Amino acid sequence: MSKENKIVKLYKNLRKKYGHPQGQWKLWCKRPKSEKEREEVIIGAILTQRANWKNVELAMNNLKKARMNSIRKIPADKIRLVSCIRPSGFYKQKGEYLCGLTKFISEKYGSVREMKKQPLPKLRRELLGVKGVGPETADSILLYALDKPVFVIDEYTRRLLRARGAKYEDLRNLFEKNLKKDYRLYQDFHALIVIDGKNK
DNA sequence: AACCAGGAGAGAG
DNA sequence: CTCTCTCATGGT
């Protein structure tokens with residue numbers, strides 16, 4: 001059996017088992033997204049780093065109540081920002097990361113809408129240069145906020161493939177090489193992998 | 001009550 | 001390049 005069949009088959013099995021991604025994924029897999037929703041996904045990508053999703057929701061709700069759930073408002077009041085995101089853990093670090101990332105987007109592109117027009121490789125390179133944005137976070141932003149066809153690799157993907165030691169880029173290539181270059185497929189597939197991982 | 005959740009940076013070897 | 005340590009809260 002070729003590897004292509006294996007990856008595609010995996011998707012079909014997960015799809016049969018879980019259907020369309022639900023719960024927390026309703027926003028992340030939503031198509032199309034509004035500008036505001038894209039901004040929330042970008043903020044969420046930082047907040048979910050090594051954090052329980054429940055705690056991320058608490059942090060996000062605090063941001064909404066404070067009306068700070070936007071790229072423009074995040075860097076405006078760092079003290080308030082940090083107190084809002086406290087439930088997601090690592091709050092001082094994440095506060096810095098969020099300010100740096102949102103400033104980068106505002107200063108470089110002005111809006112997510114403009115940023116989205118840029119080519120994928122360029123955006124990926126730039127995002128990886130932002131402090132606090134590693135491969136998984138960069139790719140989550142590219143895929144879920146900017147509709148770019150990049151496959152996100154995380155701990156669940158490694159567990160599922162039993163490839164704990166494998167390099168990030170190697171796994172990413174494995175998926176991208178064997179799938180149609182379609183961000184909608186990548187969004188749903190990755191979401192299903194996480195859903196399945198949590199299910200165990 | 002210990003253990004862990006969708007990472008990333010910094011430092012050491 | 002490959003470990004190892006650190007950052008921190010809330011849920012089970």
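Just so it is clear: chains get the letters A, B, ... in the order the sequence lines come, proteins before strands, and each one is counted from 1. The figures here come from the full heavy-atom set of this structure, side chains too, leaving out hydrogens, waters and symmetry mates. Predicted, not measured: the structure shown is a model, and the values here were computed from it.
- Using a 4.0 Å cut-off, some side-chain N or O of A:Thr137 falls inside it from OP1 or OP2 of B:dA8.
- The distance between atom CG of A:Asn52 and atom C1' of B:dA5, rounded to the nearest whole Å, is 5 Å.
- For A:Lys167, counting side-chain heavy atoms from C-beta on, the closest listed nucleotide (C:dT2, B:dG9, C:dG11) is C:dT2.
- Listed nucleotides B:dA5, C:dT9, C:dA8 differ in distance to A:Arg86; the shortest reach to its side chain belongs to C:dT9.
- Between the P atoms of C:dA8 and B:dA10, the separation comes to 14 Å (whole Å).
- Among the atoms of the strands shown, only primed sugar atoms or phosphate atoms (P, OP1, OP2) are found under 4.0 Å from some heavy atom of A:Lys92.
- Heavy atoms of A:Thr157 sit nowhere under 4.0 angstrom from any nucleic acid atom.
- For A:Glu35 (side chain) and A:Val112 (main-chain N/O), a donor-acceptor pair under 3.5 Å exists by modelled atom type.
- Following rounding to the nearest Å, A:Lys94 (NZ) and B:dA5 (P) show an atom-to-atom distance of 13 Å.
- For A:Phe90, the listed nucleotide lying nearest its side chain is C:dA8; candidates were B:dG9, C:dA8, B:dA5.
- Across all strands shown, A:Val152 has no heavy atoms under 4.0 Å from either base or sugar-phosphate atoms.
- Among the nucleotides B:dG7, C:dA8, C:dG11, the one closest to any side-chain atom of A:Lys54 is C:dG11.
- For the pair A:Arg86 and A:Tyr91, the cation sits on the ring face: its NZ or CZ lies under 6.0 Å from the ring centre, inside 45° of the axis.
- Distance, A:Lys200 NZ to B:dC4 P: 19 Å, rounded to whole Å.
- Rounded to whole angstrom, the span from the CG atom of A:Leu47 across to the P atom of C:dG10 amounts to 14 Å.
- Annotation: side chain of A:Leu47 is in contact with side chain of A:Ile43 (closest heavy-atom distance under 4.5 Å).
- Proximity note for A:Lys131 (side chain, C-beta onward) versus B:dA10, C:dA8, C:dG11: the nearest is B:dA10.
- Nearest-nucleotide positions on DNA chain B place A:Asp154 closer to the 5' end than the other of A:Asp154 and A:Gly132.
- Rounded to an integer number of Å, the gap from CD of A:Glu155 to P of B:dA5 is 8 Å.
- Between A:Glu169 atom CD and C:dT2 atom P there is a gap of 13 Å when expressed in whole angstrom units.
- If you measure from atom CD1 of A:Ile141 to atom C1' of B:dG7, you get 12 Å, rounded to the nearest angstrom.
- Between A:Arg124 and A:Asp139, at least one side-chain N (NZ, or NE/NH1/NH2) sits under 4.0 Å from a carboxylate O, which counts as a salt bridge.
- Looking at A:Thr157, its side chain never comes within 3.5 Å of a backbone N or O of A:Ile153 through a donor-acceptor pair.
- Remark: A:Tyr91 is in phosphate contact with C:dT9, judged by side-chain N or O atoms under 4.0 Å from OP1 or OP2.
- Taking the six-membered ring where tryptophan is involved, the planes of A:Tyr144 and A:Trp25 are tilted, since the angle between them lies from 30° to 60°.
- Contact annotation for A:Gln24: base contact, defined as any heavy-atom pair under 4.0 Å involving a base atom.
- Counting to the nearest Å, the P atom of C:dT6 and the CD atom of A:Glu96 are 21 Å from each other.
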